[in-house]
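For reference, the structure discussed in these notes is given below.
We're numbering straight along the sequence, starting at 1. What you are looking at is a predicted structure, and each value in this text was computed from that prediction instead of being measured.
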Amino acid sequence: MYYQSELFCRLQSVPARYRAQLYHYACRLAQKESIIVSAGPESYSIWIGLRSPDAIEHITGNCPLPAFLQFAHQQPMPPVPPPQEA
């Protein structure tokens with residue numbers, strides 16, 4: 001992704017039900033990294049700036065960043081509302 005003269009790589013995509021956890025994860029990472037959160041109809045993605053040393057580590061498979069699902073399980077999980085009937 002290209003945004004404001006910077007390139008980003010997708011760090012994680014998750015189903016929409018993890019939206020709140022992804023937001024908290026992004027806020028934590030944004031304290032030291034350039035981060036973008038994008039939303040689709042059924043999923044959300046977090047992107048990290050390619051200038052970040054952590055992005056290079058992620059791309060090469062030596063990621064020092066905490067895994068999203070590990071982070072999400074440390075956070076209180078909000079209840080997932082049942083699907084609404086049409």
Side-chain angles (χ1 to χ4, degrees):
M1 174 188 289
Y2 182 76
Y3 179 71
Q4 293 189 345
S5 301
E6 188 168 351
L7 289 171
F8 291 80
C9 71
R10 188 184 340 241
L11 185 63
Q12 182 78 46
S13 291
V14 297
R17 70 177 178 269
Y18 289 108
R19 179 183 62 207
Q21 290 88 348
L22 187 76
Y23 173 77
H24 290 291
Y25 183 62
C27 287
R28 186 168 124 192
L29 293 179
Q31 293 174 4
K32 63 177 188 150
E33 307 292 349
S34 294
I35 297 293
I36 292 176
V37 174
S38 63
E42 296 182 12
S43 66
Y44 288 76
S45 295
I46 187 168
W47 303 73
I48 187 169
L50 285 178
R51 295 180 187 177
S52 164
D54 288 338
I56 303 303
E57 295 293 323
H58 172 70
I59 292 167
T60 61
N62 300 319
C63 188
L65 299 171
F68 170 74
L69 290 177
Q70 178 186 12
F71 175 82
H73 290 298
Q74 294 171 357
Q75 303 299 313
M77 297 288 283
V80 177
Q84 295 181 0
E85 295 183 26

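In this structure, the side chains of Leu29 and Ile48 stay at 4.5 Å or more apart for every pair of heavy atoms. Residues Val14 and Tyr25 fail the side-chain proximity criterion, which asks for heavy atoms closer than 4.5 Å.
Between the SG atom of Cys9 and the CH2 atom of Trp47 there is a distance of 8.5 Å, given to the nearest 0.5 Å. To the nearest 0.5 angstrom, Arg17 atom CZ is 11.0 Å from Glu42 atom CD.
For Ser43, there are no side-chain contact (heavy atoms from CB on, under 4.5 Å) partners two or more places apart in sequence or in a different chain. For the side-chain contact (heavy atoms from CB on, under 4.5 Å) test, residues two or more places apart in sequence or in another chain that qualify with Ser34 are Glu6, Phe8.
Linking ILVMFWY residues whenever their side-chain heavy atoms come closer than 4.5 Å, directly or via other members, leaves Tyr44 and Ile36 in distinct clusters.
When all heavy atoms of Arg10 and Ser45 are compared, the closest pair comes out as NH1-OG, 3.2 Å. The two residues Val37 and Ala26 come nearest to each other via the heavy atoms CG2-CB, 3.5 Å.
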